[in-house]
Amino acid sequence: MNLRKVRITSNGVLLICIQFVLIFAISIIYVKSQKNHLSLYIISAILEFFLCCIISVKNFERHFPIICFNLMYFIFLISGMMVNLFDESYIYKYLRASTEAARHTCYVIFLAIAVVNITYTYLANRRTSSVINFESNVKINVFKNRTYISLIRLGLIICIPCKIVSAVARYALSVEMGYSGSYLTEVGLPFIIYVPATMYLFFFCMWLTTNPSKKEFILLTSLALFPQAIVLFAGDRGEPMSLLMMIVFYCVTFRANDKDFFRINKKSLFLMVVIAVALMCLLQYVGLSRDNREIDETSGLLSGFFESQGISATVLSTGYDLRQKMQDIGGRHFAVGTVVTYLTQNFLVRRIFGIEAIKMNTVEAATSGNSFGSTLAYLRYPTSYLSGVGGGSSFVAELYNDGGYFGVIVGSALIACIFYMLFCDSRKKRNLIPDCFVLLMFMNIVMVPRDSMFKWLSASFSVQNLIFFFMLSMIEQILVKRK
């Protein structure tokens, strides 16, 4: 590959300049001003979300993933404070931390999303003097064998009932023991049910990569979403939310050129907004039902949803106040903790070396240094934590704990690079990473504003997923040779 001169489009230069001026001005105010300016930092973070939307105006399907990330960032870290934006006393109370921690949290929330969008804007608006035609050099595998497709379809059809059984068992536990208590109890399903239930998402993504017809897509997707409805009413809102977003991502990007399958127009965009608002209200209703609380008539479901989901911002504020204690207990490697856990706690390693599994909501999990949420919850409310109550995490909180402001800047830039390389440029290099793992990674990475930095990596490339993918790849190669 020849060295290339990198140039930025005029629109890219303008957007980057605006973002640099904004981040420079806000940083100067944060360092020099004696006032707290909490509302100003939050408004600036909201402005970053709208600047991200401007990037996507001309090529919506190409930049849809980064819009989803900004949306999740807004929901989980900003929206709770936006409910009463200009009342700084409300923001202090909402963040449940010291004055300095609240000020720091609002600034870091802005800083992280600003770095993500500046880096992504630069990458997405590059022009090179020697353009390389990847599509002529890289052959995308378009092999479609009916036997292979039928095998994947059969795998999905087997996994769906098993997932339903698992979801029903989890729902029964949540009714009996409460949402928090149910996560300390193993469901105890037979092996023949448990394994297909855990492979449900993998086979769903594998099936999507076979490019099903519109009728088949509607039928099997509806069946696949049925267990998610049970999961939702069992109290888990994260998996259904991320799965629905992944389905939209698939329609918008993977099937963008198939006009008979999905068309992006004003009607479809309006429909997506309406469905998103309705889903937010439903999720809030489920959350209230899970916690046995009544609907607040003064706020309503939508604002209540923002207020409850935006609580992830408190992970940053309390993490700031408890930073020294957390480092004393867990060290400074929380950002890579999920990778360490994956390498040392997957079932193959445990089986080979006889290592015992570290269970959730235990002292061992809190002191291992691999789970920011466990350590934080253990320090904040040890009794409730050991009873099943979690503390949650955020990639921003982990980055600051491990590396301060430098860690936030470098880690946020890395997130932007990952989004560009995996999703924005994936159609040129799609054969480098199998499509099913691209879908799984998208489903998990959009949730990092309320999850660990590299949880998306360990969750997507689990040992079970790799084993089944290897087996299916071997079958595909055998069928190709026979053909």
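Taking the six-membered ring for Trp and the full ring otherwise, the centers of Tyr120 and Phe69 sit at least 6.0 Å from each other. In this structure, the ring of Phe395 has its center no less than 6.0 angstrom from the ring center of Phe454. Separation of the Phe110 and Tyr30 ring centroids does not fall under the 6.0 Å cut-off.
Tyr94 and Gly310 get closest at one heavy-atom pair: OH-C, 2.9 Å. Contact detail for Asn84 and Ile91: the closest heavy-atom pair is O-CG1, 4.4 Å.
Residues Phe226 and Ile164 meet the side-chain proximity criterion, which asks for heavy atoms closer than 4.5 Å. With a 4.5 Å cut-off on side-chain heavy atoms, Val116 and Phe419 do not count as touching.
If you take CD on Gln309 and OG on Ser79, they are separated by 7.5 Å, rounding to the nearest 0.5 Å.
Salt-bridge formation is not detected for the pair Arg170/Glu239: no Lys NZ or Arg NE/NH1/NH2 atom is positioned less than 4.0 Å from an Asp or Glu carboxylate oxygen.
Applying the 6.0 Å contact sphere to CZ of Phe347 captures more than 12 heavy atoms from other residues, nucleotides or ligands. Annotation for Tyr194: atom OH does not count as buried by contact number, only 12 or fewer foreign heavy atoms lying within 6.0 Å.
Residue Cys52 forms a side-chain contact (heavy atoms from CB on, under 4.5 Å) with just one option from Thr121, Ile67, Ile113, and that option is Ile67.
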